[in-house]
Amino acid sequence: MDAWVSAILSGVLLGLAYGLAAIGLNLIWGVMKVINLSHGAFIALGMFAAYFVFHSFGISPFVSVILILALGVVVGMLAYFVALHRVISAPELSTLLSTYSLSLIIIGLGTFVFTTNPRAIDVGLGSIKLFGAYIPASKVLTGLYSLIFTAALYVFLFKTWTGKAIRAVSMNMTAAQFMGVNTTFILSLSFGIGIALAMVAGALIASVFPFTILSGGIYELKSFVICVLGGLGSPLGALAGGLLLGLLENVLTLKMPVGYVPFIEFLILVVILLVKPSGLLGKE
Amino acid sequence: MKKGYTLFWLVPLLVVIAAYPVVTHSVMAREIVFIMLMYVSLAASLNIILGFTGYVSFGHVVFYGIGGYTAFFLMHKVGLHVLPAVLAGGIMAALVALLIGEAVLRLRGAIFAIATIGVNEAVKSLVTNLGFLGGATGMFFNFKIYRAYGGAAKAIWFAYYLMVAVTIVTVVVSYLIKNSKYGLGLFSIREDEDAALVLGVNTKRFKSLAYAFSAFFPGLVGAIFFFKAGNIEPEDAFHLVKSIEMIFMVMLGGYGTVSGPVIGALIYERLKGMLLVNPLFKNLHMAIAGFILLMIVLFAPGGIVGYLRDKFRKLRGVLE
């Protein structure tokens, strides 16, 4: 019984963090129809940012996320102008490859500087007793933070002028341009926010699991599965998708060998894409 | 259709490269040329679906892995000779492509790319869990297996000649496809699939067939590679990085052309070799490859061959 409670709680909490990472990917896809293949590299970058702030200044990842969020927006906007602006209206092959080459550069430099040794952040917050199961406090905080960031994004997208402009561009770029929206700025900002969310999710996950510079790849693939579960292009669907995947991962491992879990995840990915390319919870 | 002269220099070039280790009896040269030819064949076959048809198959390494595993299993557990085993590997890869293609080729653009990554990861984790394929540790040859070919040394030369043959066939088939009515159909799908459909191209069958062609050769290549290597494991056989390398070579040389992937593969192999032996760049080769790829995508989307064809119109007859 306790095993089930703890599996479900872990699933929900981690699912929220996975969802946060996937929201970044989904936002970018929704606004600019670009599959960001550098997503995983930026998640890894977020992990290392949190790691170095923690080990150099002793600041907990749960404080430095704000810093990482800001850093992410700036880095993401820069990345947009370097790698994407020129090919934004070219066929998918170009944007897939340009974001992938970005990832190669980041991972390549990262491997050179940080090597591929595993690292971990031990925030040392102990455990919390929830419904009769002991859950590490860092997991609880990770879930909580993911909820807060998602809520903040929601408010930003629906209540502010800039947020509304982002949604307008995602619906119809030409029309938005006619209404006086600076689309170049909005596109770069959306990419910046998407990257920032990936980095924040990376920082949060790093406080729970050990990681290397290559870890981002796993979470990138998870993000794809989540986006497809929750509906491509719908940021809030991604949170639901994240929850689903988190639960699936933690509950399935109680009943079957761990090795089969990725197979099931990717089978789900392919099957959903085939049956309903807009995603399980996506619009028609 | 006007016939060009591309094959008249491309095939002799490959033959000369392939003959070099044979003439010099150099084992080191043989190892380098083996990898070079493998890259040429992989890039040229990916180009059929990526360059001719415009479908970004990001997880293309899955066919290399499937071919490798099929052949390895047949040789290791059934005791088949390498020739039928390699052929079986290629056929298996092509059949899987037909089967998967039936489903995933309905997807377009980036969604197709993600689905192919998903297929590769799903197959990799499935193979990792299948006991009769050796699970995560894979399978190893008993060295007695090489006796049928006159010892391990002779068997490796045999694998080398097989690779030479497969590479040349891949390039010739790719040329024949490009210069046929069928190839024209593929190019029309690349430019505008809906228009092609309206104009009477059976896009579904054309795409499936192109996917099967571009899977068949990686299947053969994988089979030969793992025969020579003597062991196979899921991490090697379904390594996504190899997919990326294939795409890199196609883009570097010029996608949609016959000579492009060949040139791209030859340059990439040399470039990688040079970077890997240089102590300063050894750990940076991924970052450098990324930088080059970014430059190509941003400034020369046609690759080397596309650039030359643009600048020198006279070269168009010999550079296809």
Side-chain angles (χ1 to χ4, degrees), chain A residues 29 33-38 41 82-87 90-113 115 217-218 220-221 224-225 227-228 232 256-275 277-278, chain B residues 50-51 54-56 58-59 100 102-104 106-130 135-136 190-191 240-241 243-244 247-248 250-251 255 280-299 301:
Chain A
W29 167 257
K33 297 288 171 289
V34 168
I35 297 270
N36 176 22
L37 289 177
S38 59
V82 170
L84 271 175
H85 187 59
R86 230 185 124 90
V87 289
E92 281 100 352
L93 176 65
S94 307
T95 53
L96 278 171
L97 290 180
S98 69
T99 54
Y100 192 79
S101 47
L102 209 57
S103 147
L104 278 177
I105 295 172
I106 295 171
I107 301 277
L109 289 176
T111 312
F112 183 66
V113 179
T115 70
I218 305 156
E220 177 174 322
L221 290 171
F224 287 147
V225 181
C227 286
V228 168
L232 274 167
M256 62 164 61
V258 183
Y260 273 108
V261 173
F263 173 64
I264 292 183
E265 284 176 8
F266 291 112
L267 199 65
I268 292 174
L269 171 83
V270 176
V271 169
I272 294 179
L273 277 179
L274 293 176
V275 179
S278 58
Chain B
L50 173 78
Y55 274 71
V56 190
F58 236 93
I100 297 175
E102 197 56 38
V104 290
R106 281 186 292 156
L107 305 167
R108 289 192 191 175
I111 313 271
F112 173 78
I114 299 300
T116 59
I117 296 181
V119 167
N120 181 50
E121 295 300 315
V123 172
K124 188 208 274 179
S125 23
L126 181 65
V127 169
T128 312
N129 286 294
L130 289 178
R190 181 179 103 179
E191 295 308 323
L240 207 55
V241 168
S243 273
I244 308 307
I247 296 177
F248 181 84
V250 173
M251 292 306 293
Y255 84 116
L280 176 62
F281 292 126
K282 193 174 72 186
N283 296 312
L284 275 174
H285 77 276
M286 246 168 82
I288 293 170
F291 179 74
I292 296 174
L293 183 60
L294 188 61
M295 290 301 116
I296 295 170
V297 173
L298 293 181
F299 301 108

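Letters A, B, ... mirror the listed sequences (proteins, then strands); counts begin at 1.
Shown are Asn120(B), Leu50(B), Thr116(B), Ile114(B); of these, the side-chain contact (heavy atoms from CB on, under 4.5 Å) with Phe58(B) is made only by Thr116(B).
Contact of Ser94(A) with chain B is made through backbone and side chain together, with heavy-atom distances under 4.5 Å. Heavy atoms of Leu37(A) lying under 4.5 Å from chain B belong exclusively to its side chain. In this structure, the portion of Ala113(B) lying under 4.5 Å from any heavy atom of chain A is its side chain and not its backbone. Only the side chain of Ile244(B) comes within contact range of chain A, judged by heavy atoms closer than 4.5 Å. Contact annotation for Ile117(B): only side-chain heavy atoms (C-beta onward) come within less than 4.5 Å of a heavy atom of chain A. With a threshold of 4.5 angstrom between heavy atoms, Leu109(A) approaches chain B through its backbone and through its side chain. With a 4.5 angstrom heavy-atom cutoff, Val56(B) touches chain A only via side-chain atoms. Only the side chain of Phe224(A) comes within less than 4.5 Å of a heavy atom in chain B; its backbone stays farther off. For Tyr255(B), the part lying under 4.5 angstrom from a heavy atom of chain A is the side chain only. For Val82(A), the parts lying under 4.5 angstrom from a heavy atom of chain B are both the backbone and the side chain.
Remark: Tyr55(B) engages Glu193(B), Lys207(B) in a side chain to side chain donor-acceptor pair (under 3.5 Å) (not counting sequence neighbours).
We find the CG-OG1 distance between Asn36(A) and Thr95(A) to be 9.5 Å, quoted to the nearest 0.5 Å.
Side-chain contact between Glu121(B) and Leu240(B) is present, with at least one heavy-atom pair separated by less than 4.5 Å.
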